[in-house]
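What follows is one structure encoded as structure tokens, with my remarks underneath.
Predicted, not measured: the structure shown is a model, and the values here were computed from it. Quick note on labels: first sequence line is chain A, next is B, and so on, each numbered from 1.
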Amino acid sequence: MHHWLVKTEPDSYSIDDLARDKVTSWDHVRNYQARNYLRQMALGDQVMIYHSSVVPPGVVGLASVSRAAYPEAAQFDRSSRYFDPVATKENPRWFSPDLKFQQRFGGVLELQALKGHKELQEMVLLKRGSRLSVQPISVEEFKIICRLASKL
DNA sequence: GCCAACGTTGGC
DNA sequence: GCCAACGTTGGC
């Protein structure tokens with residue numbers, strides 16, 4: 001089993017939206033490296049949900065992969081801002097897995113708190129200039145973050 | 001709103 | 001294949 005962290009802007013889609021929907025297709029990702037990670041997600045993988053572009057930014061809860069990545073719908077939809085003229089049904093370019101809500105933390109485990117943690121310094125999230133919206137995290141990092149979150 | 005960092009595009 | 005220009009991300 002692998003562990004991941006995905007970013008979302010809560011104004012667009014928040015952990016509360018996920019809690020309401022129970023399951024959602026993690027779509028609209030338009031970055032090749034992030035897409036490649038989405039395609040690596042396997043059933044049952046654990047996913048941390050991170051709220052970005054908000055004050056304070058931070059990890060807000062957990063989800064799990066309930067369906068491995070499949071061709072994303074918006075790339076074929078002419079009316080969508082995520083329409084991709086190059087993508088075809090035979091040769092789709094973008095993929096999304098289904099994520100299932102697991103839990104919302106008691107608060108926001110703030111980016112600032114993660115930065116202060118020695119064992120988390122290797123996280124992609126904390127790397128200088130990192131903008132990747134889908135990232136692998138180690139099982140150790142996952143456990144530490146869960147432990148910190150349990151104190152919120 | 002600013003801006004550093006990064007990714008993509010497209011002319012050559 | 002280079003690289004300048006442009007667009008986006010995301011913390012602050």
Any residue of residues 117-124 of chain A with a heavy atom less than 4.0 Å from an atom of DNA chain C: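 Nucleic-acid contacts, sorted: none.
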
Got a list of side-chain donor-acceptor pairs under 3.5 Å for residues 108-115 of chain A, not counting sequence neighbours?
none

Identify each donor-acceptor pair in which a side-chain atom of residues 141-148 of chain A lies under 3.5 Å from a protein atom, sequence neighbours left out, and give them as a table.
unit_1, atom_1, unit_2, atom_2, d
A:E141, OE1, A:S138, N, 2.8
A:E141, OE1, A:S138, OG, 3.3

Is the ring centre of A:W94 less than 6.0 Å from the ring centre of A:Y32?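 Yes: the rings meet the under 6.0 Å criterion.
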
What is the per-nucleotide protein-contact pattern of nucleotides 1-11 of chain C, from the 5' end, where B denotes a base atom under 4.0 Å from a protein heavy atom, S denotes such proximity for sugar-phosphate atoms only, and - denotes neither? ------BBBBS

Looking at residues at least two apart in the chain, or sitting in another chain, which of them share a side-chain hydrogen bond (donor to acceptor under 3.5 Å, both in side chains) with A:S52?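 Testing A:S52 for side-chain hydrogen bond (donor to acceptor under 3.5 Å, both in side chains), a comparison that skips the adjacent residues, returns none.
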
Answer yes or no: does atom CZ of A:R35 have more than 12 heavy-atom neighbours from other residues, nucleotides or ligands under 6.0 Å?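 It does: A:R35 CZ has more than 12 such atoms within range.
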
Quick one: which residue pairs count as a ring-ring contact (aromatic ring centres under 6.0 Å, His included) with a foot in residues 97-127 of chain A, not counting sequence neighbours?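 As it turns out, there is no ring-ring contact (aromatic ring centres under 6.0 Å, His included) pair with a partner in residues 97-127 of chain A once direct neighbours are skipped.
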
How long is the gap from CG on A:L132 to CG on A:L125, to the nearest 0.5 Å?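 So the gap between those two atoms works out to 10.0 Å.
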
